[in-house]
Colleague: 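Handing you this structure, nothing more for now.
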Amino acid sequence: MFRHMMKAKLHRATVTEANLNYVGSITIDEALMEAVDILPNEKVQVVNNNNGARLETYVIPGPRGSGTICLNGAAARLVQPGDTVIIISYALVPEEKAAQFRPKVAIMDNDNRIAELIDYEVHGSVK
């Protein structure tokens with residue numbers, strides 16, 4: 001049996017753009033992708049803290065070091081620049097490894113820079 005586990009998370013990233021006329025996806029700064037081990041074309045869930053919208057899409061890399069978080073295509077209707085989002089990637093993990101599996105979690109600052117990189121889920125209030 002496999003368990004569907006959180007693999008990576010960008011916690012409280014700020015949306016920098018919403019591009020309705022793009023084909024689709026979310027553009028994420030390539031350095032942020034690498035920091036939490038998200039690959040181009042990987043499926044992610046995006047949760048909008050401002051309005052509660054939740055969506056799934058795939059990732060395309062944005063300019064390294066830019067802090068870009070851009071929702072493209074139809075997803076652009078669910079966010080506005082300035083919204084705070086959580087971007088989550090999942091993995092199927094064998095049952096015998098699931099209890100020890102540790103995600104990569106990046107706690108973001110207001111400029112989409114990593115304030116803290118941790119390998120566990122924070123419980124309770126996060127700044």
Colleague: Are Lys104 and Asp119 packed together at the side-chain level, in the sense that at least one heavy-atom pair is separated by less than 4.5 angstrom?
Modeller: no
Colleague: Quick one: salt bridge (charged side-chain N to carboxylate O under 4.0 Å, His left out) pairs with a partner in residues 45-61, sequence neighbours left out?
Modeller: Lys43-Glu56
Colleague: At their closest point, which heavy atom of Ser89 faces which heavy atom of Val44, and how far apart are they?
Modeller: CB-CG1, 4.2 Å
Colleague: Which heavy atom in Val36 sits nearest to a heavy atom in Ala8, and how many Å separate them?
Modeller: O-CB, 3.1 Å
Colleague: Which heavy atom of Ala18 sits nearest a heavy atom of Cys70, and at what distance?
Modeller: N-SG, 4.2 Å
Colleague: Under the 3.5 angstrom rule, does the side chain of Asp29 hit a backbone N or O of Ser66 as a donor-acceptor pair?
Modeller: yes
Colleague: Please tell me whether Leu10 and Leu117 are part of a single hydrophobic cluster in this structure, the criterion being side-chain heavy atoms less than 4.5 Å apart.
Modeller: yes
Colleague: Examine distances only and state if a side-chain atom of Asn112 and a backbone atom of Thr14 form a donor-acceptor pair shorter than 3.5 Å.
Modeller: yes
Colleague: Can you measure from CG (Asp83) to OG1 (Thr16) and round to the nearest 0.5 angstrom?
Modeller: 11.5 Å
Colleague: Report the distance from atom CZ of Arg102 to atom CE of Met6, rounding to the nearest 0.5 Å.
Modeller: 10.5 Å
Colleague: Verify, without hydrogens or angle tests, whether Asn72 (side chain) and Val23 (backbone) share a donor-acceptor contact under 3.5 angstrom.
Modeller: no
Colleague: Is there a path from Leu55 to Ile38 through hydrophobic residues (I, L, V, M, F, W, Y) whose side chains come within less than 4.5 Å of each other?
Modeller: yes
Colleague: Tell me, do Leu39 and Val59 make a side-chain contact under 4.5 Å, heavy atoms counted?
Modeller: no
Colleague: Only distances under 3.5 Å count here; give the side-chain donor-acceptor pairs of residues 91-99 to other protein atoms, sequence neighbours excluded, each with its distance to 0.1 Å.
Modeller:
| from | atom 1 | to | atom 2 | distance (Å) |
| --- | --- | --- | --- | --- |
| Glu95 | OE1 | Arg3 | NE | 2.9 |
| Glu95 | OE2 | Arg3 | NH2 | 3.4 |

Colleague: Any chance you could pull the hydrophobic cluster mates of Leu20, using side-chain heavy atoms under 4.5 angstrom and chaining through other members?
Modeller: none
Colleague: Check whether any side-chain heavy atom of Leu78 sits under 4.5 Å from a side-chain heavy atom of Asn48, and report yes or no.
Modeller: no
Colleague: List the steps, then state whether side-chain contact (heavy atoms from CB on, under 4.5 Å) holds for Val85 with Ile69.
Modeller: CA-CA 9 Å; Val85 296; Ile69 302 290; 4.3 Å; yes
Colleague: For residues Gly65 and Ala31, report the shortest heavy-atom separation together with the two atoms involved.
Modeller: N-CB, 4.2 Å
Colleague: In this structure, which one of Lys7, Gln45, Glu42, Lys9 forms a side chain to side chain contact (heavy atoms under 4.5 Å, CB included) with Tyr90?
Modeller: Gln45
Colleague: Just wondering, are more than 12 heavy atoms of other shown residues or ligands nearer than 6.0 Å to CG in Asn110?
Modeller: no
Colleague: So, for Thr84 and Asn50, which heavy atoms are closest and what is the spacing to 0.1 Å?
Modeller: N-OD1, 2.7 Å
Colleague: If you measure from NE2 on His11 to CD1 on Ile107, what distance do you get to the nearest 0.5 Å?
Modeller: 5.0 Å
Colleague: Should Ile26 and Ile114 be counted in the same cluster of Ile, Leu, Val, Met, Phe, Trp and Tyr side chains packed under 4.5 Å apart?
Modeller: yes
Colleague: Please check if the side chain of Asp111 supplies one atom and the backbone of Arg113 the other of a donor-acceptor pair under 3.5 Å.
Modeller: no
Colleague: Are Arg12 and Asn49 packed together at the side-chain level, in the sense that at least one heavy-atom pair is separated by less than 4.5 angstrom?
Modeller: yes
Colleague: Distance from Thr68 atom OG1 to Ile60 atom CD1, nearest 0.5 Å?
Modeller: 10.5 Å
